[in-house]
Amino acid sequence: RVGASADIYSLGLVLRELLTGRLPDLPDEKLPRSRALGDFLDRRACLDPSIRRLNPSVPYALEAIVARCLAYEPKDRYADASALAIDLDCFLKSRPLMTARNPSYRERANNWLTRCRRPVELAIAGSIAAATWLQPLPVERVPAFGAAIHAYGRNHSDEAIVPLKNLATAYPDSPLPQLFLALARNKSILDLRPAQNSSDLDRRPSEESFRKAMAVPNAVPQIVEWARKHSEIKLVQRLDEFAENCLDVVNKFDPASPATFGGRGPDAATSLTELARTAFQLALLIEPGESKSSHGMALIESSRGNHQLADELISACFGGPGGHDPHEDLGRQFSLFLARSQIACSWAEHLLTRRDAVTIRQARSLLDRALTDLDTGDRFRGQGMDAQSASLKARIQAILLLIETDVEQRQFDEARRHIAKAEGALTDLSLLGPDPSKVQEFRRQLDQSMDRIKAAAGTASGDSSLGY
């Protein structure tokens with residue numbers, strides 16, 4: 001039926017044309033009218049509402065509004081013009097959208113900073129005024145604080161811990177002493193010994209100090225404001241180190257083992273992972289788009305199932321679509337390409353659970369990109385066994401998933417070609433020899449893939465005796 005949803009769709013087409021310069025699709029005049037309309041309606045079901053693919057300067061929020069207007073199902077569009085007008089007004093004022101959803105974490109964070117910049121400045125000014133009235137000096141002007149920060153910056157963390165503990169007690173309304181106490185404890189050699197159970201892991205002094213810092217009222221705007229004024233302290237780099245250390249502690253244990261963290265591993269591991277996520281988020285608020293923070297956030301979001309956000313974050317580390325920063329060291333460039341390939345494989349694996357033609361094509365595109373990233377990354381990879389092993393494991397995983405798409409699409413010759421590639425990569429991995437259990441697991445998966453190809457090819461041809 002023609003109604004408000006049809007008008008919304010028409011407005012979406014107009015917006016798409018204005019933003020991309022592309023005319024809307026029309027029925028083919030060379031065909032009979034009934035066939036032309038039928039073909040046109042079939043194409044409309046596959047309309048790609050993506051605006052940024054054609055015009056990358058368009059904000060993600062505006063692309064989300066247009067995509068909502070162009071939803072294939074009328075019920076998925078805006079209910080009426082007023083709902084569309086409200087979202088457009090929110091976009092113009094950098095506010096959260098009411099109906100559509102902005103998928104870009106970075107853009108939402110920048111919008112938040114744009115909206116809150118003035119209140120944050122007033123809040124900090126008020127805090128400084130109150131501190132001046134109630135105590136001799138704000139904590140950042142206390143000589144002991146400056147001396148502790150200086151000691152920490154010179155990697156003398158043990159010298160900074162005691163004065164920072166005293167300052168944290170004397171200035172409970174400032175997050176800075178607790179934050180730097182957390183960072184100093186994190187770098188302290190005594191604090192880096194491995195935890196043995198859930199209680200040790202969850203209450204390590206550095207993490208406890210970090211939680212206390214973030215629990216201070218208005219902690220985030222205070223820290224962001226201070227860090228931007230004191231860029232020489234390199235707080236973003238320190239937060240990245242803290243977050244990576246949290247994840248390293250988690251990665252030392254096997255979450256599948258009942259004995260991990262005293263039998264309560266998953267809860268403690270989740271708590272530490274969220275702590276790392278908070279540190280990366282804080283770093284990105286201080287310096288939006290910072291490569292290491294985006295890299296870390298991407299891996300965490302991928303593990304949480306937020307595949308599209310993870311892909312956006314890791315792709316932003318390359319300085320542009322498909323590119324990389326030539327100023328990054330070789331090992332760092334390799335790790336970025338490896339991470340993006342792993343995130344793409346994880347996303348593709350999720351898509352393949354749906355088993356429909358559209359998602360299978362999308363999964364195949366992600367896997368092709370993953371293999372291209374691995375080929376590019378190997379140019380920056382050193383000769384270390386760990387890097388070679390990680391690259392081969394990611395490559396085998398991508399090929400196994402590609403074989404799955406081959407079978408779904410009945411491309412059996414392509415599947416056999418991929419089987420041969422997986423065999424070669426598996427041979428290389430077994431020769432390295434660092435992880436025989438992983439080699440056995442890949443071998444089992446490869447055998448299962450070969451059985452699936454034989455069964456599917458035999459069904460398609462009426463001959464189940466096809467071999468290799």
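A salt bridge links D378 with R395: the closest approach of a Lys/Arg side-chain nitrogen to an acidic carboxylate oxygen falls below 4.0 angstrom. The pair E408-R452 meets the salt-bridge criterion, since a charged nitrogen lies less than 4.0 angstrom from a carboxylate oxygen. The pair D413-R417 does not meet the salt-bridge criterion, since no charged nitrogen lies less than 4.0 angstrom from a carboxylate oxygen. Of the charged side-chain nitrogens involved, at least one lies within less than 4.0 Å of a carboxylate oxygen, so that R355 and E404 count as a salt-bridged pair.
With no hydrogens or angles considered, no side-chain donor-acceptor pair links Y78 and R68 at under 3.5 Å. Side-chain contact annotation: S104 with N102, donor-acceptor N/O pair under 3.5 Å absent.
None of V439, L426, L429 except one satisfies the side chain to side chain contact (heavy atoms under 4.5 Å, CB included) rule with K393; the exception is L429. The salt bridge (Lys or Arg N to Asp or Glu O under 4.0 Å) test with D406 is passed by exactly one of K421, R364, R416: R364. Results of the side chain to side chain contact (heavy atoms under 4.5 Å, CB included) test with L367 over I403, L402, L351 single out L402 as the only residue that passes.
Residues H295 and S335 are in side-chain contact: their nearest non-hydrogen atoms beyond the backbone lie under 4.5 Å apart. Taking the side chain as every heavy atom from C-beta outward, T405 and L401 never approach each other to under 4.5 Å.
Here the closest non-hydrogen pair linking S294 and C317 is CB-SG, 3.5 Å. Closest approach of I300 and S303 over heavy atoms only: O-OG, 2.6 Å. Residue L336 comes nearest to S291 through the heavy atom pair CD1-OG, 4.3 Å, listed as atom of the first residue, atom of the second, then distance.
Within the model, atoms CD of E107 and CD of E63 stand 9.5 Å from one another, a figure rounded to the nearest 0.5 Å. Rounding to the nearest 0.5 Å places CD1 of I399 at 10.5 Å from CD of E423.
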Legend entry - CA sep, side-chain torsions, deciding dist, call: D240, S293, side-chain hydrogen bond (donor to acceptor under 3.5 Å, both in side chains): CA-CA 6 Å; D240 287 343; S293 308; 2.7 Å; yes
Inset, instruction - Check the pair R211 / E274 against salt bridge (charged side-chain N to carboxylate O under 4.0 Å, His left out), numbers first and verdict last. - result: CA-CA 11 Å; R211 289 189 180 93; E274 285 302 311; over 6 Å; no
Inset, instruction - For I86 and T99, run side chain to side chain contact (heavy atoms under 4.5 Å, CB included): C-alpha distance rounded to whole Å, both residues' side-chain angles, the deciding distance at 0.1 Å, then the answer. - result: CA-CA 9 Å; I86 289 171; T99 303; over 6 Å; no
Legend entry - Verdict with supporting geometry, I51 and L62, side chain to side chain contact (heavy atoms under 4.5 Å, CB included): CA-CA 9 Å; I51 303 298; L62 186 54; over 6 Å; no
Inset, instruction - Walk me through it: do Y105 and E312 pass the test side chain to side chain contact (heavy atoms under 4.5 Å, CB included)? - result: CA-CA 9 Å; Y105 168 83; E312 290 176 7; over 6 Å; no
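Judged purely by atom type and a 3.5 angstrom limit, T353 uses its side chain to pair as donor or acceptor with the backbone of H350.
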